[in-house]
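Accompanying notes for the structure given below.
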Amino acid sequence: MKNVFEEIVKGKIPCDKVFENERILAFRDIAPQAPVHILIIPKKTIKNIEEMTEQDIPLLGEMLFVAKQIAEKEGVSEGFRLITNTGPDSGQLVPHLHFHLMGGRRLGSLG
Ligand code: 5GP
């Protein structure tokens, strides 16, 4: 699996950025599955939740708070979904932790 998100963090691949601070970057998904489809990633390379350590707890909490703020800014705070795929069985394609923030339409059931 190629880590394109690392290239995005380094600025080598452009992105449609919606949020950035020292630790976190959020940008629009290149192939959106909903009117709002934003990826929230840590700048630090963590492959997925399986590779998260205790040290990463504050970072993950901050990512969730950033998601809430983006949902408000994008006008979807009345209903949105946060998904993070972990490993091959989940369909994870990019080996860099990311939350998909999706909203702006009635979302179907998970499965
Ligand atoms: P995963 O299946 O790993 O959870 O999701 C990876 C997501 O990254 C997919 O929704 C895909 O459309 C998105 N993606 C892959 N490459 C790029 C890219 O270069 N730029 C952006 N903005 N999104 C990407």
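Whatever order the structure lists them in is the order used to number ligands and atoms, beginning at 1. In this chain, residues are counted from 1 in sequence order.
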Quiz item: Do NZ/NE/NH1/NH2 and the carboxylate oxygens of Lys43 and Glu20 come within less than 4.0 Å?
Solution: yes
Exercise. Please examine the side chains of Arg23 and Lys44, heavy atoms only from C-beta on, and report whether any two atoms are closer than 4.5 Å.
Key: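 Sidechains of Arg23 and Lys44: no contact.
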Quiz item: Should Leu97 and Met52 count as side-chain neighbours, where that means a heavy-atom distance under 4.5 Å?
Solution: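 Heavy-atom side-chain distance check fails, nothing below 4.5 Å.
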Practice problem: For Asp89, look at atom CG and say whether over 12 heavy atoms of other residues, nucleotides or ligands are found less than 6.0 Å away. | Solution: no
Practice problem: Determine the sole option in Ile46, Val94, Val9 for which the side-chain contact (heavy atoms from CB on, under 4.5 Å) test with Ile41 is passed. | Solution: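 So the option named by the test is Val9.
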Atom pairs and distances, ligand 1 N/O vs protein N/O under 3.5 Å:
| from | atom 1 | to | atom 2 | distance (Å) |
| --- | --- | --- | --- | --- |
| ligand 1 | 2 (O) | Gly91 | O | 3.1 |
| ligand 1 | 2 (O) | Leu93 | N | 3.3 |
| ligand 1 | 3 (O) | Leu93 | N | 2.7 |
| ligand 1 | 3 (O) | Val94 | N | 2.9 |
| ligand 1 | 3 (O) | His98 | NE2 | 3.1 |
| ligand 1 | 4 (O) | Asn85 | ND2 | 2.8 |
| ligand 1 | 4 (O) | His98 | NE2 | 2.8 |
| ligand 1 | 4 (O) | His100 | NE2 | 2.8 |
| ligand 1 | 5 (O) | His98 | NE2 | 3.2 |
| ligand 1 | 5 (O) | His100 | NE2 | 3.3 |
| ligand 1 | 10 (O) | Asp29 | OD1 | 3.3 |
| ligand 1 | 10 (O) | Asp29 | OD2 | 2.5 |
| ligand 1 | 12 (O) | Asp29 | OD1 | 2.5 |
| ligand 1 | 22 (N) | Arg28 | O | 2.9 |
| ligand 1 | 22 (N) | Ile30 | N | 3.4 |
| ligand 1 | 23 (N) | Ile30 | N | 3.2 |

Practice problem: Using the test side chain to side chain donor-acceptor pair (under 3.5 Å), find all partners of Asp16 that sit at least two apart in sequence or belong to another chain. | Solution: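 Applying side chain to side chain donor-acceptor pair (under 3.5 Å) to Asp16 gives none.
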